[in-house]
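We use all heavy atoms of the structure for the numbers below, so side chains are in, but hydrogens, waters and symmetry mates are not. In what follows, chains carry the letters A, B, and so on, assigned in the order in which the sequence lines appear, proteins first and then strands, with residues in each chain numbered from 1.
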Number of protein chains: 2
Amino acid sequence: MESPVSERVEDYLKVIYSLTTEDERASTGEIARVLQISPASVTDMIQRLAAENPPLVDYRKHQGVGLTEEGEKVALETLRHHRLLELFLHELLGYSWDQVHEEADRLEHVISEYFEERISEVLGDPEKGLYGEPIPSEELHVPVREDICLHDMRPGQRGVIQSVKDDDPGLLQYLQTNGLVPGARIEVLDYSPYDNNLHIRVKEHDQEIVLGAAVTAQIFVDLQ
Amino acid sequence: MESPVSERVEDYLKVIYSLTTEDERASTGEIARVLQISPASVTDMIQRLAAENPPLVDYRKHQGVGLTEEGEKVALETLRHHRLLELFLHELLGYSWDQVHEEADRLEHVISEYFEERISEVLGDPEKGLYGEPIPSEELHVPVREDICLHDMRPGQRGVIQSVKDDDPGLLQYLQTNGLVPGARIEVLDYSPYDNNLHIRVKEHDQEIVLGAAVTAQIFVDLQ
DNA sequence: TCCTTATTTTAGGCTTTCCTAAATTATTGT
DNA sequence: ACAATAATTTAGGAAAGCCTAAAATAAGGA
Ligand SMILES: [Mn+2]
Ligand SMILES: [Mn+2]
Ligand SMILES: [Mn+2]
Ligand SMILES: [Mn+2]
């Protein structure tokens, strides 16, 4: 009864997975924005995913979607591929930090389980990705994260950057040149309530910098 | 005016390329057999390829197809990806001789030019593939081959195996276990005209073996 | 509460790639 | 040369993913 899942379906499920780690359910509009397609197309696809058997998403009209266990499995499998590939491209083929994401986003759907197994072994069965995010295990377990978003930190708080989002190559460039990489120790110095700017110090770079919400929302920190 | 080419179109063009190195033009039926789809579907696709601009194939009803310069370019680009990938999977990821083809057949459509460049460099810019076939250069030049098919050899002739076809994993297994690999020196001892069997000796294995047409058609030899 | 606005869904349509069945064209043996 | 057979093409249709425009629904402010 398990119909094979198309590349496009894997992309939808990955996006829904990522959106539902932030909110309880993902809305049609958010999914459309991330995938850069029309909301009508998203409704269309979501309804098909809910009609599969077993269903891959839990859908109620005008109430957004969540993943079923089956759908989450597919999302995590794809995410594991993605993160192993990013590491692989960087470590073994010399890709730069901001080059890996786009290539991994295509390859993730196409590599076999054997390919996954081979690169995982060559990389030493890593548990964290290029940007510090956890890599789902072979059995698709994801460790619980206790890091918080830099966006939610306030003056006086310190911490160590655990991970950054991998979506935007330009931003990754920016983060790297400013030392905002996993392992960096930071301290929040000031907060502007109107624009949500954070003034922070990066220990390693011995440098102070003011970051807008577009940046701070992409960085995750272990406190203290 | 250059529309991007779909994965499926790349597969069609690759098949037509391969068929037209044997015969002048490729027939609808042959293409259908190789791609394992109906002849009607092939006619359909071929007509679309001929209607592209620039056209990717040269088509005349009931007379088969050939590649245009444009179509050949796409085929060679894909073939270069395929052969570099096969080598890469074998040399760097430990794939066996008969495992690489299927994976390469999927990845070939998805890797970027940068990926191609990186693996080519890691492999030392090879000019021959895993099975001895020439790899089209970065500029898509293919050296002229002067090897002949073992199928066309007759008793008394000797030669060195240059390459074998990569299509059938089972056959590759068989060839490898019998020492029928690039570099092997062989001599034709006998020929049965009715079944086209060839009785040959493999120097390296110090062994005699009788091969049917299904096998001899897959092996290419430099004479003397 | 009720009306305006934003979001979502439905309806209808397009492209790509495949299918089967029927029609057409080419080939071949006599 | 021509009839039988084989190969190819046409016709009609399906599924997956996308679109725009219009309709329906939900949410929020007055
Ligand atoms: Mn993807
Ligand atoms: Mn996997
Ligand atoms: Mn292929
Ligand atoms: Mn290329």
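- Note: A:His101 and A:His82 meet the aromatic proximity criterion, with ring centroids under 6.0 Å apart.
- An OP1 or OP2 oxygen of D:dT9 is reached within less than 4.0 angstrom by a side-chain nitrogen or oxygen of B:Tyr59.
- Atom pair B:Gln47:CD and C:dC18:P shows a separation of 14 Å (rounding to whole Å applied).
- A heavy atom lying under 4.0 Å from DNA chain C marks the following residues of residues 5-16 of chain B, by number: B:Ser6, B:Arg8, B:Tyr12.
- Between the CD1 atom of B:Ile46 and the C1' atom of C:dC18 there is a distance of 15 Å, given to the nearest Å.
- Proximity note for B:Arg48 (side chain, C-beta onward) versus C:dT17, D:dA16, C:dT10: the nearest is C:dT17.
- Side-chain contact check for A:Val221 versus A:Asp147: every heavy-atom pair is 4.5 Å or farther apart.
- In this structure, A:Leu49 places its CG atom 16 Å from C1' of C:dT9, rounding to the nearest Å.
- Within the 4.0 Å cut-off from OP1 or OP2 of C:dT7, not a single side-chain nitrogen or oxygen of A:Lys61 is found.
- The side-chain heavy atoms of B:Val15 and B:Leu19, taken from C-beta on, include a pair separated by under 4.5 Å.
- Shown here for A:Leu150 and A:Leu198, the closest heavy-atom pair between the two residues is O-CD1, 3.1 Å.
- At a non-hydrogen distance threshold of 4.0 Å, A:Pro39, A:Ala40, A:Thr43 from residues 34-43 of chain A come into contact with DNA chain C.
- Among D:dG17, C:dT17, C:dT9, the nucleotide with an atom closest to any side-chain atom of A:His62 is C:dT9.
- The distance between the ring centers of A:Tyr95 and A:Phe88 does not fall below 6.0 angstrom.
- Regarding B:Met45, its CE atom lies at a distance of 17 Å from the C1' atom of D:dT8, rounded to whole Å.
- Judged by distance alone, the side chains of A:Glu52 and A:Ser3 do bring a donor and an acceptor atom under 3.5 Å apart.
- A side-chain donor from one of B:Ser120 and B:Asp125 sits under 3.5 Å from a side-chain acceptor of the other.
- At least one donor-acceptor pair closer than 3.5 Å links the side chain of B:Asp168 to the backbone N or O of B:Gly170.
- Rounded to whole Å, the distance from CZ on A:Arg60 to C1' on C:dT7 is 17 Å.
- Atom-to-atom, CG of B:Asp44 to C1' of D:dT10 comes out at 10 Å; the value is rounded to the nearest Å.
- Taking each heavy atom of B:Asp152 and B:Gln157 in turn, the nearest pair found is O-OE1, 4.3 Å.
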